[in-house]
Colleague: 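Supplied in structure tokens, the structure appears directly below.
The figures here come from the full heavy-atom set of this structure, side chains too, leaving out hydrogens, waters and symmetry mates. In what follows, chains carry the letters A, B, and so on, assigned in the order in which the sequence lines appear, proteins first and then strands, with residues in each chain numbered from 1.
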2 protein chains.
Amino acid sequence: MPKTSTQKFYKPSITADVVVFTIEDSLLKVLTVKRADEPFKGTRALPGGFILPGSDSMGTARRILKEKAGLEGIYMEQLYTFDDPKRDPRGSVVSVAHFALVHRDAISLETSSHTQDPTFTPLKHTGTLAFDHKKIIEYAYERLRGRLEYTNIAQSLLPKEFTFSELQNVYETIFSKKLDKRNFRKKIERLGLIKATKKKIKRGRQRPALLYTFASGKAESFKNPF
Amino acid sequence: MPKTSTQKFYKPSITADVVVFTIEDSLLKVLTVKRADEPFKGTRALPGGFILPGSDSMGTARRILKEKAGLEGIYMEQLYTFDDPKRDPRGSVVSVAHFALVHRDAISLETSSHTQDPTFTPLKHTGTLAFDHKKIIEYAYERLRGRLEYTNIAQSLLPKEFTFSELQNVYETIFSKKLDKRNFRKKIERLGLIKATKKKIKRGRQRPALLYTFASGKAESFKNPF
DNA sequence: CCAAAAGTGTTGACTGTACACCCATGT
DNA sequence: ACATGGGTGTACAGTCAACACTTTTGG
């Protein structure tokens with residue numbers, strides 16, 4: 001480590017942790033791994049680790065997701081920095097937490113000797129988690145609901161082409177609330193978030209559904225009350 | 001510094017910076033101080049400094065506001081963590097930035113040998129600032145607009161009792177947009193954010209205005225589109 | 001009586017919400 | 001023929017946006 005003029009200052013350690021959400025079987029699930037080291041060795045925790053020289057926290061989060069779960073190229077944004085000096089029994093360890101979304105069918109988790117048994121668990125049944133990771137997940141869940149209300153972030157939980165029902169299922173699952181089919185369709189159409197393709201998908205003994213895609217690749221705020 | 005098990009890891013330095021907004025003369029202003037040390041010695045910058053052992057970043061932000069500007073007891077929330085490893089010429093210095101609001105008349109800035117010439121400058125005329133502080137202020141301004149749209153945060157920019165015009169002025173100043181007096185009043189009344197007192201205030205040669213107070217001390221989200 | 005800010009209502013367009021039936025397909 | 005999810009319209013209530021005049025005071 002080079003001697004710089006910042007060397008003289010007290011330095012807490014800094015880690016990056018990630019809350020990866022996905023929807024599977026109409027359940028909101030979160031990714032956890034089994035801790036390989038003390039403290040909390042063997043307990044499940046959010047994937048995370050120390051920031052290496054020259055890296056930022058999101059780069060670190062991405063590196064760790066790849067190492068610990070074989071997961072790459074997913075939507076991610078910074079969530080919040082958890083910096084209670086008592087949150088880690090080893091002493092001050094600041095966690096810059098991130099929030100990520102993935103379409104479950106787009107990825108497969110690697111379970112190998114290098115990974116740490118990465119598993120998507122229903123949000124309500126994570127069991128005990130290391131550190132303050134339950135609290136971090138709660139915070140991420142709030143963020144998820146907020147983003148869903150005001151942006152087109154649902155696209156990160158869906159394949160490129162999807163049916164109206166699949167989109168509605170994302171909203172219903174995350175808000176734990178049944179929505180009216182007709183009203184939901186009108187609302188989404190008015191917002192202009194998605195456009196119809198010319199394809200239909202047949203799935204079982206129902207009428208085939210039209211496939212849609214999102215109109216814009218990046219996030220937009222829906223409305224401004226003033 | 002105690003030898004803990006985290007000692008072996010690379011540690012960037014961590015600072016806390018604060019963006020304090022206020023409204024004065026119908027202008028949105030931001031607090032800056034003059035840097036006492038290198039790098040950027042003499043350049044204006046956001047108040048900020050290194051986190052001390054046992055402190056969290058918000059505690060640090062509050063301590064520094066008090067030391068560098070004589071400012072205490074104001075609304076504050078965590079904003080974002082800026083962690084580009086190249087943002088500080090000395091090497092990796094992570095900044096946990098905070099967002100604060102104050103009613104200009106409620107405070108007076110201390111200018112003494114201990115402080116660093118704390119000044120509220122109009123947002124559009126801050127001039128050159130140290131590090132990436134311009135970017136941090138931009139981010140804070142976005143947050144401010146978002147909070148104003150969906151919460152009752154305006155109360156942190158107003159005295160306990162205020163007139164409808166003063167409230168409207170907060171919104172108009174921050175959104176840089178004239179609002180219709182009647183529609184604004186109806187909207188705010190419908191939200192139930194504020195309640196009338198029995199007092200009127202006379203100010204000059206106009207009809208006296210009714211004074212209002214906020215109904216709830218803490219933030220509430222206005223509405224959910226789903 | 002004049003200047004200045006305070007305060008007040010109506011209308012038309014749009015959005016939200018509640019609600020029930022027919023459609024296209026596979027079995 | 002039936003079960004399954006796909007797809008559609010209408011009516012009422014609430015909200016948004018545009019717009020102008022009267023009131024109360026001090027000077």
Colleague: Please work out which of the three classes, parallel, tilted or perpendicular, describes the rings of B/Phe184 and A/Phe226, given edges at 30° and 60°.
Modeller: tilted

Colleague: How many Å lie between CG on B/Leu211 and P on C/dA5, as a whole number?
Modeller: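 Rounded to whole Å, this separation is 17 Å.
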
Colleague: Let me see the working for B/Lys134 and B/Glu138 under salt bridge (charged side-chain N to carboxylate O under 4.0 Å, His left out), right down to the final yes or no.
Modeller: CA-CA 6 Å; B/Lys134 266 238 150 86; B/Glu138 271 313 298; over 6 Å; no

Colleague: Answer yes if the side chains of B/Thr121 and B/Thr126 hold a donor-acceptor pair under 3.5 Å, and no otherwise.
Modeller: no

Colleague: So, the side chain of A/Thr151 versus the backbone of A/Arg147: is there a donor-acceptor pair under 3.5 Å, distance only?
Modeller: yes

Colleague: Only pairs at least two apart or in different chains count here, so list each side chain to side chain donor-acceptor pair (under 3.5 Å) that has a residue in residues 193-202 of chain B.
Modeller: B/Glu161-B/Lys199

Colleague: For a quick check, with a 4.0 angstrom heavy-atom cut-off, what is the B/S/- contact string for nucleotides 19-27 of chain C, read 5' to 3'?
Modeller: BB--BBBB-

Colleague: Between B/Arg190 and D/dG14, does any side-chain N or O lie under 4.0 Å from OP1 or OP2?
Modeller: no

Colleague: Whether the A/His98 and A/Ser57 side chains hold a donor-acceptor pair (N or O, under 3.5 Å, no angle test) is what I'd like checked.
Modeller: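 Judged by distance alone, the side chains do pair up.
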
Colleague: Figure out the CZ/P separation between A/Phe184 and C/dT17, and round it to whole Å.
Modeller: 13 Å

Colleague: To the nearest Å, give me how far apart CD (B/Glu166) and P (C/dA5) are.
Modeller: 13 Å

Colleague: Do the side chains of B/Arg44 and B/Asp117 get close enough for a salt bridge, i.e. N-O under 4.0 angstrom?
Modeller: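 Answer for the salt bridge query: yes.
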
Colleague: CD1 of A/Ile188 versus P of D/dG6: gap in Å, rounded?
Modeller: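 It is 16 Å, rounded to the nearest whole Å.
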
Colleague: Nearest-Å distance, CG (B/Leu191) to C1' (D/dC16)?
Modeller: 13 Å

Colleague: Could you go through B/Ile136 and B/Phe82, starting from their C-alpha distance and side-chain angles, then the distance that decides it, and tell me whether this counts as side-chain contact (heavy atoms from CB on, under 4.5 Å)?
Modeller: CA-CA 8 Å; B/Ile136 296 178; B/Phe82 294 83; 3.6 Å; yes

Colleague: Could you tell me how far apart A/Leu179 (CG) and C/dA18 (C1') are, to the nearest whole angstrom?
Modeller: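 The distance from CG of A/Leu179 to C1' of C/dA18 comes to 13 Å, rounded to the nearest Å.
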
Colleague: Return no unless some side-chain N or O of B/Ser165 is found under 4.0 Å from OP1 or OP2 of C/dA5.
Modeller: no

Colleague: Assign each of A/Lys187 and B/Glu189 to its nearest nucleotide of DNA chain C by heavy atoms, then name whichever residue's nucleotide is nearer the 5' end.
Modeller: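 Its nearest nucleotide being more 5', the pick is B/Glu189.
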
Colleague: In degrees rounded to 10°, what angle is found between the helical axes fit to the five outermost pairs at each end of the helix from C/dC1-D/dG27 to C/dT27-D/dA1?
Modeller: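 Comparing the first five pairs with the last five, the axes sit 10° apart.
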
Colleague: Roughly how many Å is it from CZ in A/Arg185 to C1' in D/dG5, rounded to a whole number?
Modeller: 12 Å

Colleague: To the nearest angstrom, how far is A/Asn169 atom CG from D/dG5 atom P?
Modeller: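 Computing the A/Asn169:CG to D/dG5:P distance gives 12 Å.
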
Colleague: On the 0 to 90° scale, with breaks at 30° and 60°, tag the B/Phe21-B/Phe99 ring pair as parallel, tilted or perpendicular.
Modeller: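 Taking B/Phe99 first and then B/Phe21, their aromatic rings stand perpendicular (interplane angle over 60°).
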
